[in-house]
Amino acid sequence: MSSLTNMAKHPTISLIKSSTTLKELKQIHTQLLVHGTLNNPHFHGQFIATVALHNPTNLPYSNHLIHHSLHYPNLFTLNSMIRAHSKTTTPHKSFFFYNIILNSPNNLSPDNYTFNFLVRTCAQLMLHVTSSSVHAAVIKHGFEHDPHVQSGLIFMYAEMGCLKSCHQVFGRVQNPDLVCQTAMLHACAKCGDVGFARKVFDEMPHRDFVAWNAMVAGYAQCGRSREALELFHLMQMEGVEVNEVSIVSVLSACTHLGALDQGRWAHAYVERNKLRLTVTLGTALLDMYAKCGNIGKAMEVFWGMKEKNVYTWSSAIGGLAINGLGRESVELFSLMKKDGVHPNEVTFISVLKGCSVVGMVEEGRNHFDSMRNLYGIEPQLEHYGLMVDLYGRAGHLEEALSFINSMPLKPHAGAWSALLHACRMYKNKEIGEFASRKIVELEANNDGAYVLLSNIYADHKNWEGVSNLRHKMKIVGVKKLPGCSVIEVDGEVHEFIVGDKSHPRYDEIELKIEEISRCVRLAGYVALTSNVLFDIEEEEKENALGRHSEKVAIAFGLISLKEGVPIRVVMNLRMCWDCHDVAKMVSKFYHREIIVRDRNRFHHFKDGECSCKGYW
DNA sequence: TTAGGGTTAG
């Protein structure tokens with residue numbers, strides 16, 4: 001029973017490998033100790049490796065077993081420990097085990113597994129110096145031409161954003177195999193060159209389901225959601241195996257498009273085909289529901305998940321926040337901490353958003369302070385921006401300004417923009433002008449700086465100010481980002497860009513918009529024309545407002561969706577106040593629920609009211 | 001007995 005092949009079939013090895021939970025493994029450990037079986041180094045090694053491989057949270061237990069063992073760990077065990085640590089938030093610990101291999105008294109030496117795992121550690125660490133020395137060690141130990149190590153190196157350089165190095169490694173591979181080609185296509189997509197990724201994919205002589213998944217994910221991750229879904233449909237037509245990894249990318253694409261129907265289809269696919277609801281899949285699913293405006297369903301998925309990680313919690317907390325449930329999001333954050341899950345920087349973005357949408361200034365400030373004091377997380381620019389947003393939305397403009405001035409980092413345009421938005425909300429011209437100037441100093445082409453200030457001037461009927469800004473924008477060459485809204489009807493995503501009349505049903509949409517205008521006017525509605533950038537005639541302005549992309553999408557929803565079906569719109573800008581008022585009225589007149597996801601949050605319109613209660 | 005592709009923000 002000494003050969004490894006025979007060992008693999010040993011019932012004790014099988015027993016250890018088949019256990020999935022730490023509890024089960026600990027029970028087996030006790031049994032093996034009682035029978036003295038753990039004296040066998042093979043069993044002991046397998047035990048430690050299984051504990052480590054199943055779940056990174058088991059790692060302290062694996063470490064404990066290694067340190068209290070009578071045996072010197074073998075290469076298999078040590079490689080397993082390197083691999084396990086490469087997937088944690090403390091990847092540098094892999095080097096501890098690598099050094100045990102290098103300094104081993106029984107002449108262990110690293111093999112291709114060691115290096116394949118070690119380069120993944122480097123990928124996680126993203127340190128150029130470390131990566132270079134590990135690459136040098138790969139060459140020194142003669143693994144430069146090992147296909148697995150080559151793929152690992154490409155992966156490592158991709159994570160670090162060094163596409164050039166990926167090309168160099170790939171160029172030296174004589175006959176790249178499937179795994180290596182997939183690593184390369186993944187690397188190109190990761191570094192933003194999806195075109196080349198697709199070229200690698202198209203030129204692959206054989207593609208398996210992993211290669212297809214990598215390509216679908218590549219499109220989804222760089223925001224080319226429609227292409228991701230198209231490729232996924234092609235994948236299905238070609239009869240390629242679909243697994244939970246494919247569905248994660250599909251869900252991510254649906255989330256970005258706000259395509260709830262297709263997202264629901266993906267959920268049904270998971271259930272129909274009994275795919276394993278992994279943490280990643282569950283998180284993608286809950287995130288899809290939350291960002292497509294169905295927070296009830298999102299939380300149902302969340303509570304149904306057996307295993308939750310920091311992604312899952314952050315996603316749920318953020319989902320509640322963007323749906324206006326700030327208090328609930330902060331409560332969920334408390335539960336997360338009670339559950340022993342350590343928050344990360346993204347979690348705090350979600351929590352601060354939660355505080356911001358309901359104006360919990362004090363609580364937000366406490367959470368912000370706890371980042372550094374309790375969790376050792378250094379706040380990033382985004383966190384500072386959210387704090388400005390928190391003060392600003394609550395109307396504490398002076399505090400927001402002094403907060404920016406006391407930042408230890410150089411304030412970015414985002415922080416000033418948050419302040420400018422608040423100035424717009426509270427019609428504060430002085431601070432608004434100051435913030436706008438600061439933004440333009442940092443980003444001369446920032447359209448928001450001009451548009452918002454122009455709105456503030458228009459609020460004050462300062463048409464000269466508006467006209468001067470218009471002139472300045474022309475000279476500098478700033479263009480207002482065109483508004484774009486999408487709406488899904490019968491599984492098809494329709495896109496409306498402001499001013500674009502190319503939709504085949506545009507004439508009908510136009511008629512509907514006129515009908516809406518008549519209805520809302522009867523109710524005594526007066527358009528909030530200050531949302532129009534320039535000083536044009538009142539009637540013309542109203543017309544320009546009538547053609548905002550969100551209104552066009554809502555009108556299209558009214559003519560194309562069956563009665564009673566909610567209208568769901570996803571847009572790229574913040575919803576304008578006028579469209580917001582009109583949407584409220586439409587929800588009442590047409591007895592239709594309207595859900596708009598804007599750049600910042602959700603607005604649920606029902607019976608003439610909006611869930612944001614005017615606070616956004 | 002270990003080797004690929006996936007989830008949270010901006």
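Letters A, B, ... are given to chains in the order of the sequence lines, protein chains preceding strands, and every chain is numbered from 1.
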State, yes or no, whether a side-chain contact exists between Tyr391(A) and Leu419(A) at a heavy-atom distance under 4.5 Å.
no

Nearest-neighbour nucleotide for the [X] side chain, [options] considered:
X	options	answer
Thr182(A)	dA3(B), dG4(B), dT1(B)	dG4(B)
Ile349(A)	dA9(B), dA3(B), dT1(B)	dA9(B)
Ser249(A)	dG6(B), dT8(B), dT2(B)	dG6(B)
Asn309(A)	dT7(B), dT1(B), dG10(B)	dT7(B)
Glu382(A)	dG10(B), dG6(B), dG4(B)	dG10(B)
Leu178(A)	dA3(B), dG4(B), dT2(B)	dG4(B)
Phe117(A)	dG6(B), dA3(B), dT7(B)	dA3(B)

Looking at every strand, decide which applies to [X] at a 4.0 Å heavy-atom threshold: base, sugar-phosphate, or nothing.
X	value
Leu281(A)	base
Asp287(A)	sugar-phosphate
Lys291(A)	sugar-phosphate
Ala217(A)	sugar-phosphate
Thr278(A)	base
His148(A)	base

Are any of [X]'s side-chain N or O atoms less than 4.0 Å away from OP1 or OP2 of [N]?
X	N	result
Gln46(A)	dT2(B)	no
Lys353(A)	dG10(B)	yes
Arg120(A)	dA3(B)	no
Gln380(A)	dA9(B)	no
His186(A)	dG6(B)	yes

Mind checking what makes salt bridge (Lys or Arg N to Asp or Glu O under 4.0 Å) contact with [X], not counting sequence neighbours?
X	answer
Arg226(A)	none
Asp202(A)	Arg198(A)
Glu271(A)	none

Once hydrogens and angles are ignored, does a donor-acceptor distance under 3.5 Å link the base of [N] to the side chain of [X]?
X	N	answer
Asp208(A)	dG4(B)	yes
Thr283(A)	dT7(B)	yes
Tyr113(A)	dT2(B)	no

Roughly how many Å is it from [atom1] in [X] to [atom2] in [N], rounded to a whole number?
X	N	atom1	atom2	result
Phe143(A)	dA3(B)	CZ	P	17 Å
Ile13(A)	dT1(B)	CD1	C1'	6 Å
Ile377(A)	dA9(B)	CD1	C1'	13 Å
Phe209(A)	dG6(B)	CZ	P	13 Å
Phe115(A)	dG4(B)	CZ	C1'	20 Å
Lys87(A)	dT2(B)	NZ	C1'	10 Å
Trp313(A)	dA9(B)	CH2	C1'	19 Å
Ile48(A)	dT1(B)	CD1	C1'	14 Å

So which pairs with a foot in residues 173-193 of chain A pass ring-ring contact (aromatic ring centres under 6.0 Å, His included), sequence neighbours left out?
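Passing the test, one end in residues 173-193 of chain A: Phe155(A)-His186(A).
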
Are His135(A) and Tyr157(A), when compared by the centres of their aromatic rings, separated by less than 6.0 Å?
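Yes.
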
Hey, is the main chain of Ala253(A) close enough, under 3.5 Å, to the side chain of His256(A) for a donor-acceptor pair?
no

Start with the C-alpha distance between His10(A) and Phe43(A), add both sets of side-chain angles, then the distance that settles ring pair (Phe, Tyr, Trp, His ring centres under 6.0 Å), and finish with yes or no.
CA-CA 9 Å; His10(A) 194 283; Phe43(A) 298 156; 4.8 Å; yes

Just to be sure I understand the geometry, which residues of residues 337-347 of chain A put a non-hydrogen atom under 4.0 Å away from DNA chain B?
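Under 4.0 Å from DNA chain B: Asn344(A), Val346(A).
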
Phe209(A): ring pair (Phe, Tyr, Trp, His ring centres under 6.0 Å) partners, not counting sequence neighbours
none

